[in-house]
Each structure stands twice: as structure tokens, then as C-alpha cells.
Amino acid sequence: MPPRYGPPDASGAPRYTGVRTFARCPNVRDPEGVDVAVVGVPFDTATSYRPGARFGPEAIRAGSTLLRPYHPSLDVDVFAGQSVVDWGDLDVTPGNAERTLDQIARGLEPLLGAGATPIVLGGDHLVALGELRAHAAVHGPLALVLLDAHADTWDAYYGERLFHGTVFRRAVEEGLLRPDRSLLAGMRGPLYSAEDLESARELGFELIVGDDLRALSPEGYAARVRGRVGDAPAFLGFDIDVIDPAFAPATGTPEVAGLLPHEALGFLRALAGTKFVGFDVVEVSPPYDDPGQTTAMLAANVAYEFLALSALAGR
């Protein structure tokens with residue numbers, strides 16, 4: 001039988017028509033028959049520099065209208081073998097990070113309880129803490145595979161312990177992650193001190209800094225990931241600021257000399273065959289995008305790569 005949910009045939013009506021959902025998938029809030037759910041989390045109170053990521057889910061959905069079913073590089077129809085919906089946005093509380101994290105964790109419970117895989121559209125990076133709480137409640141501590149310009153392992157920023165730059169330290173302290181099975185890659189840019197990266201290593205994370213990542217082939221990167229993750233349940237996170245701001249200007253804390261889009265997509269595609277229990281793409285701040293919505297379109301294509309990885313893992 002064909003999957004229960006998926007996008008309509010684009011030959012029947014132009015793709016710019018209709019209610020704006022991710023890849024024109026139906027907006028469904030019942031987990032029965034759902035394999036993958038795209039979930040928006042429009043929260044950006046935990047940003048340290050440029051706000052606006054609360055509008056990220058909306059922009060990514062708008063940037064997804066050109067996505068088509070067949071992924072030629074990975075030879076997979078991302079909708080043919082899995083039922084995909086747009087779950088809509090979870091409730092958030094602007095100005096209250098702790099309450100929002102609880103709302104995220106509770107909001108994902110129905111999907112995870114039904115065995116569906118969430119693809120979360122942020123929102124600033126703190127939203128990942130709510131995601132990880134929900135996943136760890138089902139799977140236990142997770143391996144984190146992260147592409148990001150920053151390690152996000154500070155203890156506090158402006159005196160705040162719940163911030164987009166502290167998310168993975170909090171996750172380790174709460175027992176949500178297995179740093180010994182996790183790999184963070186893409187870190188670059190000026191730092192306050194060498195401690196900014198050393199603190200991540202002291203927590204047990206393996207890091208591949210930006211220059212070293214670009215020296216790796218996609219296959220070399222994937223081998224590092226698989227060797228590190230092993231058989232642990234794994235979560236794949238993508239902060240859009242890992243991309244060079246010439247190609248992804250719409251983000252809160254841009255760093256120059258990042259990955260080119262084809263490099264980042266190549267790293268993701270090389271992970272084909274690896275199973276992930278969840279995904280997210282975060283830190284898209286549409287007010288800083290260009291007229292062509294370059295960043296939003298790129299983020300939508302990152303989420304499309306997640307759909308392809310999910311489809312291939314389910315074969």
C-alpha cells in the first residue's frame with residue numbers, strides 16, 4: 001500500500017498555491033499512520049545576537065515549495081516509502097525558556113510514542129534541549145551528530161544557563177546525551193579563549209573544527225561519524241550557521257569562512273544508511289535573508305536531506 005500521507009501531485013496545481021506547509025505535505029495532528037512529521041518550533045528568546053529565528057519555521061516552509069519527490073543523488077523517492085506530514089508548530093512561550101522547553105518535550109510525546117520521526121524546524125538552538133528531553137525519555141541517552149559553527153557548550157551567557165550557546169552542556173548534565181558517542185563538526189570563528197572548545201572536549205565530545213572538516217571527504221566524515229556513534233540511538237542536528245554567510249546570511253550569529261552548500265549537503269548525504277531517531281535544522285532568522293530567500297531555501301533542502309536519510313534507513 002502507498003503511504004497514508006504525502007504531498008499532492010504538483011502537476012495538478014502550481015506548487016505556490018494552497019496552504020503553506022512543508023513540501024506541501026498535509027497538516028495532520030494525529031500520529032496514526034505517520035512515519036515522519038515536520039514540526040515547527042518558533043522560539044528565539046535564547047538568542048545572543050540577532051533575533052528573528054521565531055519566524056524560521058514559516059520561512060523554511062515557504063522555501064520548501066520547490067522540493068520534488070525524487071532525490072537523484074541518493075536514488076530515493078523520499079515520499080514513496082514513508083508517510084510524511086507537517087505537524088504544524090508546537091506551542092511556545094516567548095520570554096520563558098524553561099516553560100518552552102517543557103512545551104517542546106510534551107509536544108513531541110505523541111509522535112515519539114507512535115514511533116514517528118520528527119524533523120524539527122527552529123527556532124534558536126535552545127529548542128534542541130526540549131527535543132532531546134523527549135527523545136531520551138523514549139530511547140535513553142543519545143549520540144549527537146552536529147554540524148554547527150559553534151559547540152554550544154558554554155556554562156552560561158549573560159548569566160543565563162538556558163541559552164542557545166549552552167544547550168549541549170545542559171543536555172549532558174541532564175543525562176540526555178552520550179558525549180563518548182557524539183561528534184560535533186564545523187566549529188570556526190573568533191572565540192573568547194581556547195577554553196570555548198576545550199570545554200566541549202572536557203565534557204567528552206569529539207570535535208572536528210571547520211578547517212579540518214573541509215579537509216575531509218564526505219566519505220571520510222561519514223566514517224568518523226559511524227565509528228563514533230556505533231550502535232547508539234543518534235540525533236542529527238544542523239545549525240544553519242555552519243554554512244558560510246555568503247550563502248546563508250539569515251542567521252543569528254554568523255561566522256565567515258563556513259561550508260559551501262554543496263559541501264554541507266555532501267556531508268549529510270554521506271550519512272545514508274545511518275539511522276537517526278530525530279533531526280533538526282535551526283537558527284534561520286528570515287529578517288536577515290536576501291530577496292531570494294536563499295537561507296530559507298537552503299534550510300528547506302537540509303530538511304529534504306533528512307527525509308532522504310529517513311527513507312533510506314527504513315529500507
Side-chain angles (χ1 to χ4, degrees), residues 71-74 125 128 142-154 165 167-169 177-230 232 234-276 279-284 294-295 298-299 301-306 308-309 312:
H71 191 306
S73 297
L74 294 178
H125 217 156
L142 305 166
L144 172 66
V145 179
L146 178 68
L147 287 165
D148 194 331
H150 312 95
D152 294 346
T153 55
W154 282 326
V167 55
F168 298 123
R169 178 175 289 273
L177 290 178
R178 292 189 58 181
D180 62 311
R181 292 295 187 92
S182 299
L183 182 64
L184 319 183
M187 292 75 229
R188 68 183 192 280
L191 303 171
Y192 291 112
S193 73
E195 176 63 20
D196 287 354
L197 293 181
E198 285 307 312
S199 63
R201 296 187 176 102
E202 289 168 2
L203 287 171
F205 291 112
E206 181 178 351
L207 268 61
I208 305 176
V209 297
D211 289 341
D212 293 342
L213 178 61
R214 295 192 71 171
L216 285 174
S217 67
E219 295 76 19
Y221 167 72
R224 293 277 295 271
V225 169
R226 294 189 178 102
R228 183 73 172 178
V229 170
F235 180 91
L236 178 56
F238 192 101
D239 188 323
I240 202 69
D241 68 20
V242 77
I243 302 291
D244 191 276
F247 301 93
T251 192
T253 49
E255 305 285 357
V256 303
L259 294 178
L260 304 182
H262 74 276
E263 292 175 319
L265 298 184
F267 289 135
L268 292 176
R269 291 168 185 170
L271 298 174
T274 302
K275 181 173 177 55
F276 295 97
F279 307 85
D280 69 18
V281 55
V282 298
E283 296 285 355
V284 174
T294 302
T295 313
L298 177 56
N301 277 269
V302 168
Y304 178 73
E305 298 297 332
F306 294 163
L309 294 179
L312 290 169

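In this chain, residues are counted from 1 in sequence order.
- Using a 4.5 Å heavy-atom threshold, the side chains of Leu265 and Val302 count as touching.
- Taking Asp148 as the reference, His125 meet the side chain to side chain donor-acceptor pair (under 3.5 Å) condition, with sequence neighbours excluded.
- Under the ring-ring contact (aromatic ring centres under 6.0 Å, His included) criterion, the residue pairs touching residues 178-225 are Trp154-Tyr192, Tyr221-Phe267, with sequence neighbours excluded.
- With sequence neighbours left out, the side-chain contact (heavy atoms from CB on, under 4.5 Å) criterion links Ala232 to Ala143, Arg178, Arg181.
- Looking at Thr251, its side chain never comes within 3.5 Å of a backbone N or O of Pro254 through a donor-acceptor pair.
- For residues 257-271, every residue pair satisfying the salt bridge (Lys or Arg N to Asp or Glu O under 4.0 Å) rule, not counting sequence neighbours, is listed here: Arg214-Glu263, Arg269-Glu305.
- A pairwise comparison of heavy atoms in Ala257 and Asp244 identifies N-OD2, 2.8 Å as the closest pair.
- Annotation: salt bridge (Lys or Arg N to Asp or Glu O under 4.0 Å) contacts of Glu206 (sequence neighbours excluded): Arg224, Arg228.
- Contact annotation: the side chain of Leu184 never approaches that of Asp152 to less than 4.5 Å [non-hydrogen atoms, C-beta and beyond].
- Between the CG atom of Leu147 and the CG atom of Leu183 there is a distance of 8.5 Å, given to the nearest 0.5 Å.
- Listed here is the closest heavy atom pair of Ala308 and Leu74: CB-CD1, 3.9 Å.
- Between Asp280 and Phe306, the closest side-chain pair of non-hydrogen atoms is not below 4.5 Å.
- Every residue two or more places apart in sequence or in another chain that forms a side-chain contact (heavy atoms from CB on, under 4.5 Å) with Thr274 is listed here: Arg226, Phe276.
- Between Leu142 and Ser182, the shortest heavy-atom distance links the atoms O-OG, 4.1 Å.
- Contacts classified as salt bridge (Lys or Arg N to Asp or Glu O under 4.0 Å) and involving residues 182-200 (residues at least two apart or in different chains) are given here: Glu198-Arg201.
- Partners of Thr253 according to the side-chain contact (heavy atoms from CB on, under 4.5 Å) rule, which considers only residues two or more places apart in sequence or in another chain, are Ser48, Tyr49, His150, His164, Asp241.
- Closest heavy-atom contact between Leu197 and Ala151: CD2-CB, 4.5 Å.
- Residues Glu255 and Ala149 share a closest heavy-atom pair of CG-CB, 4.0 Å.
- The two residues Ala250 and Ile240 have their closest heavy-atom pair at O-CG2, 4.3 Å.
- Between Thr294 atom OG1 and Ile243 atom CD1 the span is 12.0 Å, to the nearest 0.5 Å.
- Under the side-chain contact (heavy atoms from CB on, under 4.5 Å) criterion, Asp212 pairs with Ile208, Val209, not counting sequence neighbours.
- Residue pairs meeting the ring-ring contact (aromatic ring centres under 6.0 Å, His included) criterion with at least one member in residues 234-255, sequence neighbours excluded: His135-Phe235.
- With sequence neighbours left out, the side chain to side chain donor-acceptor pair (under 3.5 Å) criterion links Thr295 to Asp289.
- Atom CZ of residue Phe279 and atom CG of residue Leu309 lie 5.5 Å apart, to the nearest 0.5 angstrom.
- Side-chain contact between Val284 and Leu298: absent, with no pair of heavy atoms (C-beta onward) separated by less than 4.5 Å.
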